[in-house]
Amino acid sequence: MHTDAVQARLTTLFREVFGDPDLVIHPETTANDIEGWDSGRMIELIVAAEAEFGIRFTTREVDGMARVADFIAIIAAKTADRP
């Protein structure tokens, strides 16, 4: 799956998890940029992304997710054979 498509779908997930229909994310967005992005919200994001994309993250992958770009790269790699 192309990174632009991943980011678009992640944007929807972030908006749902944070309850903010106007939330905009960028590849360089971090937890420091979004109010309320704590460990609990991170778990919600992980679970939502796994369900949305039909994938599973490893503990190592989750530990390395500091920016939205990290989410995008991992998801794009795991869904590379999908349109």
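To the nearest 0.5 Å, atoms CD (E44) and CG (D38) are separated by 8.5 Å. The line from CG of D22 to CZ of R15 is 7.0 Å long, rounded to the nearest 0.5 Å. Going from atom CE of M1 over to atom CD1 of I72 covers 12.0 Å, rounded to the nearest 0.5 Å.
Enclosure of atom CD in E35 is not indicated, since only 12 or fewer non-hydrogen atoms of other residues, nucleotides or ligands lie within 6.0 angstrom.
Shortest non-hydrogen contact noted between A48 and V17 is CB-CG2, 4.4 Å. When all heavy atoms of F53 and V6 are compared, the pair lying nearest together is CZ-O, 4.0 Å. Across L10 and A49, no two heavy atoms sit closer than the pair CD2-CB, 4.5 Å. Closest non-hydrogen pair, M65 versus I74, comes out as CE-CD1, 3.8 Å. Minimum heavy-atom separation, D4 to H2: N-ND1, 3.0 Å.
Criterion: ILVMFWY side-chain heavy atoms under 4.5 Å apart, direct or through other members. Under it, I46 and I55 are part of a common hydrophobic cluster. A chain of hydrophobic side-chain contacts below 4.5 Å, direct or via other Ile, Leu, Val, Met, Phe, Trp or Tyr residues, connects M42 to L13.
Using a 4.0 Å cut-off between charged nitrogen and carboxylate oxygen, R60 and D63 do not count as a salt-bridge pair.
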Test log, rule side-chain contact (heavy atoms from CB on, under 4.5 Å), inputs T29 and F14:
CA-CA 11 Å; T29 300; F14 270 75; 5.7 Å; no

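Between the side chain of Q7 and the main chain of I25, a donor-acceptor pair closer than 3.5 Å is present. Side-chain atoms of H26 do not come within 3.5 Å of backbone N or O of E28 as any donor-acceptor pair. One N or O on the side chain of E50 and one on the backbone of F57 form a donor-acceptor pair closer than 3.5 Å.
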